[in-house]
Amino acid sequence: MPELPEVETVRRGLEPALVGRRIKSVRLNRPDLRFPFPAQLAETVTGKRVTALRRRAKYILIELESGHALLVHLGMTGRFTVWPPDGAARNLGEFYYVEQAGHAGDGAHDHVVIDLDDGARVVYTDPRRFGFMDLVEPDGADHNRFLVGLGVEPLGNELHADFLGTALAGRRSPLKAALLDQRIIAGLGNIYVCEALYRAGLSPKRLSGSIVRKRGPSPRIEPLVHAIRSVIAEAIEAGGSTLRDYAHTDGSAGDFQQRFDVYDREGEACRTPGCTSRIRRIVQSGRSSFYCPTCQR
DNA sequence: CGGGACTCCTGCCAGC
DNA sequence: TGCTGGCAGGAGTCCC
């Protein structure tokens, strides 16, 4: 899936097409994605004006004048395409394979088709169907099953050394698992956790609690916080990463992946000046972790 | 409760 | 060229 920087890139791309527009109609081409669509989805959304597009962690929230919001998670392969009134498609997250031209909402994996009052069409496409949608009731963000329990935003003020130290203290899981845990920091995924741990010089295998001192300051926490912030901020700045099947808002490639120091670089040279080690790949709880065995301890 | 394995689904890619 | 197995950015659920 797109991680937070990719979701933010999609949000920014969708914003000018949707905000201020009224939704004329919604077509669901199947009853479910990962989960069934809410029964009231179409009738709740139809006829409403879009007031804002927001992001929380890896969720996109399409806010409506009624106070409801359509919550969208892109899963691993979800994307939006905007078809303006003039017909030329604009891709908001693109796959590496090419769909047949002219399928504005009728492609094999086009699951949701939203028509707007200006004639534009917004299509949600998701081959793997790991994505999902939900309705958030007015003032219901604190109760929504997907939003409740989410941790802090990596770029928000709530992520600081005291917070992270408290969250990691006593944890017996590897650091990698803790940083992927959306209940602590919401929005980090496999790629950026690997990159942040490299920048912080911390091994993904190290136990979470081991970087927290029981008394006094824990000098390894602040560099980790900084590493998380910097890698996420830079990735957003670059327009996200184009992995095997994801691209930039306007169809061009996001280029942060060219700056990966460890992710998907197994066997390649560590980029730390003077280090002669090669990047290793291990599997932790079913996911690949990439790291430098010399620079990350 | 914390932690880990498993699962959903489709498609690509390396290897034979 | 064609088939097979392994792998993929997520996260809910189940089990210990």
Rounded off to whole Å, could you give me the [atom1]-to-[atom2] distance for the [X] and [N] pair?
| X | N | atom1 | atom2 | result |
| --- | --- | --- | --- | --- |
| A/Asp32 | B/dT7 | CG | C1' | 15 Å |
| A/Phe146 | C/dA11 | CZ | P | 11 Å |
| A/Glu266 | C/dC7 | CD | P | 10 Å |
| A/Asp126 | C/dA11 | CG | P | 13 Å |
| A/Arg56 | C/dA11 | CZ | C1' | 15 Å |
| A/Tyr192 | C/dG10 | OH | C1' | 15 Å |

- Checking all strands, does A/Gly286 fall into the base, sugar-phosphate, or nothing category for heavy-atom contacts under 4.0 angstrom?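 Nothing, no heavy atom under 4.0 Å.
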- NA contact type, A/Phe35, heavy-atom cut-off 4.0 Å: base, sugar-phosphate, or nothing? sugar-phosphate
So, is [X] near the phosphate of [N], with a side-chain N or O under 4.0 Å from OP1 or OP2?
| X | N | result |
| --- | --- | --- |
| A/Arg172 | B/dG2 | no |
| A/Lys58 | C/dA11 | yes |
| A/Arg34 | C/dG10 | no |
| A/His73 | C/dG10 | no |
| A/Arg281 | C/dA8 | yes |
| A/Arg129 | B/dT10 | yes |
| A/Ser288 | C/dA8 | yes |

Nearest of [options] to any side-chain atom of [X]?
| X | options | value |
| --- | --- | --- |
| A/His109 | B/dG11, C/dT13, C/dC7 | B/dG11 |
| A/Pro174 | C/dA11, B/dG4, B/dG3 | B/dG4 |
| A/Pro127 | C/dG9, C/dG12, B/dT10 | B/dT10 |
| A/Asn190 | C/dG9, B/dG11, C/dG12 | C/dG9 |

- Should side-chain heavy atoms under 4.5 Å link Ile, Leu, Val, Met, Phe, Trp and Tyr, which residues sit in the same cluster as A/Tyr59? A/Phe35, A/Leu61, A/Leu71, A/Phe132, A/Val136, A/Phe146, A/Leu147, A/Leu150
- Message: Under the salt bridge (Lys or Arg N to Asp or Glu O under 4.0 Å) definition, can you give me all pairs with a residue in residues 193-213 of chain A, not counting sequence neighbours?
- Response: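 Salt bridge (Lys or Arg N to Asp or Glu O under 4.0 Å) check on residues 193-213 of chain A returns A/Arg199-A/Glu234.
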- Base-paired stems in DNA chain B, each at least three Watson-Crick or G-U pairs under 3.5 Å: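 Correct response: B:2-8 with C:10-16, B:10-16 with C:2-8.
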- Please measure how far the C1' atom in C/dG9 lies from the corresponding atom in B/dG3, and state the result in whole Å. 22 Å
- Can you tell me, in whole Å, how much space there is between the P of C/dC3 and that of B/dC9? 24 Å
- Looking only at non-hydrogen atoms, find the nearest pair between A/Asp126 and A/Leu74 and report the distance.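 Closest approach of A/Asp126 to A/Leu74, heavy atoms only: OD2-O, 4.0 Å.
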- Does a distance-only test, which skips hydrogens and angles, find a donor-acceptor pair under 3.5 Å between the side chain of A/Arg128 and the base of B/dC9?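 Answer is yes: a donor-acceptor pair is held.
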- Ignoring hydrogens and geometry, is there a side-chain-to-backbone donor-acceptor pair from A/Arg265 to A/Asp261 under 3.5 Å?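 Yes; judged by distance alone, with no hydrogens or angles, the pair exists.
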With the threshold set at 4.0 Å, does a side-chain nitrogen-carboxylate oxygen contact exist between [X] and [Y]?
| X | Y | answer |
| --- | --- | --- |
| A/Arg55 | A/Glu153 | yes |
| A/Asp110 | A/Arg121 | no |
| A/Asp117 | A/Lys24 | no |

- Indicate whether A/Phe130 forms a stack on C/dG10; treat it as stacked only if centroid distance is below 5.5 angstrom and interplanar angle below 30 degrees.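 Aromatic stack with C/dG10 present for A/Phe130.
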- Query: What do you reckon, is CZ of A/Arg280 surrounded by more than 12 foreign heavy atoms closer than 6.0 Å?
  - Reply: no
